[in-house]
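Predicted model, so just to flag it, every value in this text is computed and none were measured. Heavy-atom basis, side chains included; hydrogens, waters and symmetry copies ignored.
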Amino acid sequence: FTPSGPLDAALQRGGRPLAAQRDSAQRAAVRAVLEGQGFTLGEFKVLRGGEIVHEAVATHPNSPNRVYYLSYLWLERGSFTQGSRFSERWFTLAIKTGTQPDLMRQVASALRENRLTRIMAGIQWPVAGRIAPTVYFVKLMP
């Protein structure tokens, strides 16, 4: 998807010094795409590896039993490593430490009932070349 508005060109090669600005820009871009498709988003913060990160839960009226768990990742290449993301331990940490208890109960219930869809989402903007940024979504299997 194309971001709904232009992104600051400094974000393309900004790396760590602009991590907070990148995070904010990608969350806004993902939200705009999903809300444009009829999704409702609930964002929260989780402490992971000593760092506070934003994550989100989305629902859609056409699939009322499904809960979509979004983890954000800014990509400078066409691939990523999943690592321990979306593992049982990873979800347990979110459920215990997430800043929105109602959303965390929703995640726990959906996980227990096998109704949780795992989504990696964010901005893909290669640092090499003059390629425009895109908003991406990757559905991951449990």
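- Scored by the salt bridge (charged side-chain N to carboxylate O under 4.0 Å, His left out) test, R48 finds E55 as partners (sequence neighbours excluded).
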Result block: side-chain N/O donor-acceptor pairs under 3.5 angstrom for residues 30-41, not counting sequence neighbours:
{"unit_1": "R31", "atom_1": "NH1", "unit_2": "E35", "atom_2": "OE2", "d": "2.6"}

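- Contact annotation: the side chain of V67 approaches that of V57 to within less than 4.5 Å [non-hydrogen atoms, C-beta and beyond].
- Residue pairs meeting the ring pair (Phe, Tyr, Trp, His ring centres under 6.0 Å) criterion with at least one member in residues 11-35: none, sequence neighbours excluded.
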Could you list the donor-acceptor pairs under 3.5 angstrom formed by side chains in residues 86-93, with sequence neighbours left out?
{"unit_1": "S87", "atom_1": "OG", "unit_2": "S84", "atom_2": "O", "d": "2.9"}
{"unit_1": "S87", "atom_1": "OG", "unit_2": "W90", "atom_2": "N", "d": "3.1"}
{"unit_1": "T92", "atom_1": "OG1", "unit_2": "E88", "atom_2": "O", "d": "2.9"}

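- Remark: A28 pairs with no residue by the side-chain contact (heavy atoms from CB on, under 4.5 Å) rule, at least two apart or across chains.
- Under the 3.5 Å distance criterion, the side-chain polar atoms of Q82 are matched with a main-chain donor or acceptor of R85.
- For Y136, the side-chain hydrogen bond (donor to acceptor under 3.5 Å, both in side chains) criterion is met by no residue, not counting sequence neighbours.
- When every heavy atom of P101 is checked against every heavy atom of T99, the shortest pair comes out as CD-O, 3.5 Å.
- Note: the hydrophobic cluster containing L73 also contains V53 (ILVMFWY, side chain heavy atoms under 4.5 Å, direct or indirect links).
- Residues that satisfy the side-chain hydrogen bond (donor to acceptor under 3.5 Å, both in side chains) test with Q21, not counting sequence neighbours, are absent from this structure.
- Sorted by first and then second residue, the pairs that involve residues 101-116 and meet side chain to side chain donor-acceptor pair (under 3.5 Å), not counting sequence neighbours, are D102-R105, S109-E113, S109-R115, E113-R115.
- Each of F137 and F80 belongs to its own hydrophobic cluster when Ile, Leu, Val, Met, Phe, Trp and Tyr are linked at side-chain heavy-atom distances under 4.5 angstrom.
- Clustering ILVMFWY residues whenever any of their side-chain heavy atoms sit less than 4.5 angstrom apart, transitively, puts V138 in a cluster other than the one holding Y72.
- The salt bridge (Lys or Arg N to Asp or Glu O under 4.0 Å) analysis of residues 120-130, with sequence neighbours excluded, yields no pairs.
- Listed by first then second residue, pairs satisfying salt bridge (Lys or Arg N to Asp or Glu O under 4.0 Å) with a partner in residues 36-46 read R27-E43, not counting sequence neighbours.
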Atom pairs and distances, donor-acceptor, side-chain atoms in residues 116-128, under 3.5 Å, two or more places apart:
{"unit_1": "T117", "atom_1": "OG1", "unit_2": "R66", "atom_2": "NE", "d": "3.2"}
{"unit_1": "R118", "atom_1": "NH1", "unit_2": "L116", "atom_2": "O", "d": "3.3"}
{"unit_1": "Q124", "atom_1": "NE2", "unit_2": "R77", "atom_2": "O", "d": "3.2"}
{"unit_1": "W125", "atom_1": "NE1", "unit_2": "I131", "atom_2": "O", "d": "3.0"}

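- A search for side-chain hydrogen bond (donor to acceptor under 3.5 Å, both in side chains) contacts involving T59 returns nothing, not counting sequence neighbours.
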